[in-house]
Amino acid sequence: MLIIGRILLGAGIGFGNQAVPLYLSEMAPAKHRGAVNQLFQFTTCMGILIANLINYKTDKIHKWGWRLSLGLATVPATLMFVGGLALPETPNSLVEQGRLEEAKRVLVKVRGTPNVDAEFADLIEASDAARAIKHPFRNLLQRKNRPQLVLGALGIPAFQQLTGMNSILFYAPILFQTLGFGSGASLISSVLTSGMLVLATLVSMALVDRFGRRAFFLEAGFEMFCYMIAVAITLAFKFGEGETLPKAIGWFLVVIICLFVFAYGRSWGPLGWLVPSELFPLETRSAGQSMVVCVNLLFTALIAQCFLVSLCHLKYGIFLLFAGLIFIMSSFIFFLLPETKRVPIEEVYLLWKDHWFWKKYVEDDDEKDIKKPTT
């Protein structure tokens, strides 16, 4: 029964991860899109924190505490279902369905102004282009969509899981056991790390539309690189075969882990969902976001399966490996990702034409379209 429940939960999470970031990005005005989209990450982290607090309390209830913990999950599920019934379709989706008057009404409502003619015209133009696409997944593989494929569908969701966040979360309970928290170490570490994620997401929501996505990726990437190096060096010198970790070193590592989680929680955590949802044009948006979710969950599963084996063989070297991956992904962002803050979602494609690397893919494809004979 529990296994079937997990399968159903997995399906729900897959649908939610595919739909919610897109919905928020399409509904939000360009100047607030970063903060609004990160409500997804914020509420997810808040839900994890509340769940960990519930688990911490119900763990002390003998025999039936776990049933209460699982049963209370029906409360947010019911709220999501009832709330979903009341949500309007996005203007983008309504235009694509040909419901133009309703789309304009929703657009006026969510923008808070009747002056939406320019944005509405962009939606109609994007919808006309989308209707011409019969196979969105095949279209995503075309040369002109190479930036969205490499950055949004493959690179960012894969790198989000390769930051080493899961390794840090795995190692945290061991540190808390060393510091004398006993059997409750896992729950205490979960509450602490999820609390840091909530706080970090609030910081990102407040500032990402002011300083931009690239700034958060790069600044936090530098921090995360340094923290991984610090953990690796500390464990290399102070934690050997059968050697107990001194409490002073343990507290130092707890601080480093909290700082790492805080850096991840304001960068790769929320931006790993925000940025891909901004990059795809309407004709490939649903297909692209589906690939984002698939790649993200695939790498989540791979890391979960491979981490313990890698830790046993590499020991502290696993943290050096993640430091190297963080350097690579930060370079990936620095060289290949243009800034998308305050750019209307249907105009993001214009950024590729001015980018030093991607413009050759977009321009070459435009030239081919011009050279095609008309019939």
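Note that the numbering runs from 1 along the sequence shown for the chain.
Annotation: Y316, atom OH; neighbour count of heavy atoms from other residues, nucleotides and ligands within 6.0 Å does not exceed 12. The local environment of CD1 in I3 is sparse, with at most 12 non-hydrogen atoms from other residues, nucleotides or ligands closer than 6.0 Å. In this structure, E125 places its CD atom where only 12 or fewer heavy-atom neighbours from other residues, nucleotides or ligands lie under 6.0 Å away.
In summary, of the residues considered (V348, L149, T284), a side chain to side chain contact (heavy atoms under 4.5 Å, CB included) with L279 occurs for V348 alone.
Remark: side-chain polar atoms of T58 are paired, donor with acceptor, to backbone N or O of I54 under 3.5 angstrom. Judged by distance alone, with hydrogens and angles left aside, the side-chain atoms of H355 form a donor-acceptor pair with the main-chain N or O of F335 at under 3.5 Å. A donor-acceptor pair under 3.5 Å is absent between the side-chain atoms of N145 and the main chain of L141, judged by distance alone. In this structure, T90 contributes its side chain and S93 its backbone to a donor-acceptor pair below 3.5 Å. Proximity of a side-chain donor or acceptor of H135 to a complementary backbone N or O of F137 within less than 3.5 Å is not detected. Remark: side-chain polar atoms of R111 are paired, donor with acceptor, to backbone N or O of M27 under 3.5 angstrom.
Going from atom CG of L100 over to atom CG of L107 covers 12.0 Å, rounded to the nearest 0.5 Å. In this structure, F120 CZ and N115 CG are separated by 14.5 Å, a value rounded to the nearest 0.5 Å. Atom CZ of residue F299 and atom CG of residue L154 lie 8.5 Å apart, to the nearest 0.5 angstrom. Residue M224 holds its CE atom at 5.0 Å from OG of S267, rounded to the nearest 0.5 Å. Considering OG1 of T193 and CG of N52, their distance stands at 7.0 Å, rounded to 0.5 Å. Atom CZ of F262 and atom CD of E223 lie 8.5 Å apart (nearest 0.5 Å).
F327 and L271 fall within the same hydrophobic cluster, where Ile, Leu, Val, Met, Phe, Trp and Tyr residues are linked whenever their side-chain heavy atoms come under 4.5 Å apart, directly or through other members. Grouping the Ile, Leu, Val, Met, Phe, Trp and Tyr side chains by contacts below 4.5 angstrom, directly or via other members, places F357 with Y349. No continuous path of ILVMFWY side-chain contacts below 4.5 Å connects L94 to L282, so the two sit in separate hydrophobic clusters. L72 and W66 are members of different hydrophobic clusters when ILVMFWY side chains are connected at heavy-atom separations under 4.5 Å. Linking ILVMFWY residues whenever their side-chain heavy atoms come closer than 4.5 Å, directly or via other members, leaves F40 and L79 in distinct clusters.
When every heavy atom of S127 is checked against every heavy atom of V95, the shortest pair comes out as CB-CG1, 3.4 Å. Residues L123 and N92 come closest through the heavy atom pair CD2-ND2, 3.2 Å. Heavy-atom minimum distance, R214 versus P338: CD-C, 3.9 Å. Pairing each heavy atom of L151 with each of P157, the nearest pair is O-CD, 4.0 Å. Scanning both residues, C45 and T201, for their nearest heavy atoms gives SG-OG1, 4.1 Å. Contact detail for L140 and G288: the closest heavy-atom pair is CD2-CA, 4.0 Å.
In this structure the side chain of W273 reaches within 4.5 angstrom of the side chain of Q160, judged on heavy atoms. At a threshold of 4.5 Å between non-hydrogen side-chain atoms, the residues V108 and T113 do not count as touching. Counting only heavy atoms from C-beta outward, the side chains of D354 and K359 never approach each other to under 4.5 Å. With contacts defined as side-chain heavy-atom distances shorter than 4.5 Å, the pair M165/L197 qualifies. No side-chain heavy atom of F159 sits less than 4.5 Å from a side-chain heavy atom of I333. Considering only heavy atoms from C-beta on, L259 stays 4.5 Å or farther from M196 through its side chain. Between V231 and F260 the shortest side-chain heavy-atom distance does not fall below 4.5 Å. Side chains of T44 and I48 form a contact here, defined as non-hydrogen atoms less than 4.5 Å apart.
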* To do: Determine, step by step, whether K104 and V116 satisfy the side chain to side chain contact (heavy atoms under 4.5 Å, CB included) criterion, reporting the C-alpha distance in whole Å, the side-chain angles of both residues, the deciding distance to 0.1 Å, and the verdict.
  => CA-CA 8 Å; K104 192 163 187 177; V116 296; 4.3 Å; yes
* Asked: After noting the C-alpha distance and the side-chain angles of S204 and Q38, does the key distance pass the side chain to side chain donor-acceptor pair (under 3.5 Å) rule?
  -> CA-CA 8 Å; S204 187; Q38 289 192 43; 2.7 Å; yes
* Go through R146 and V362 one step at a time and tell me if the side chain to side chain contact (heavy atoms under 4.5 Å, CB included) criterion holds. => CA-CA 8 Å; R146 196 64 48 80; V362 179; over 6 Å; no
* To do: Walk me through it: do E102 and E89 pass the test side chain to side chain contact (heavy atoms under 4.5 Å, CB included)?
  => CA-CA 9 Å; E102 187 179 352; E89 284 283 358; 5.8 Å; no
* Asked: Given L192 and I188, is the side chain to side chain contact (heavy atoms under 4.5 Å, CB included) satisfied, shown in steps?
  -> CA-CA 6 Å; L192 180 62; I188 292 172; 5.5 Å; no
Do any side-chain atoms of residues 6-25 form donor-acceptor pairs under 3.5 angstrom with protein atoms, and if so which ones, sequence neighbours left out?
from: Q18; atom 1: NE2; to: S286; atom 2: O; distance (Å): 3.1
from: Q18; atom 1: NE2; to: S290; atom 2: OG; distance (Å): 3.4
from: Y23; atom 1: OH; to: P88; atom 2: O; distance (Å): 2.7
from: S25; atom 1: OG; to: P21; atom 2: O; distance (Å): 3.1
from: S25; atom 1: OG; to: N37; atom 2: ND2; distance (Å): 2.7
from: S25; atom 1: OG; to: S277; atom 2: OG; distance (Å): 2.7

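Residues passing the side-chain hydrogen bond (donor to acceptor under 3.5 Å, both in side chains) test with E96, sequence neighbours excluded: none. Evaluation of the side-chain hydrogen bond (donor to acceptor under 3.5 Å, both in side chains) rule for E278 yields R33, R213, T340 as partners, not counting sequence neighbours.
Applying the salt bridge (Lys or Arg N to Asp or Glu O under 4.0 Å) test to residues at least two apart or on different chains, the pairs with a partner in residues 332-352 are R285-E346. The ring pair (Phe, Tyr, Trp, His ring centres under 6.0 Å) analysis of residues 206-225, with sequence neighbours excluded, yields the pairs F217-W268. Every pair passing side-chain hydrogen bond (donor to acceptor under 3.5 Å, both in side chains) that includes a residue from residues 68-80 is listed here, sequence neighbours excluded: N55-S69.
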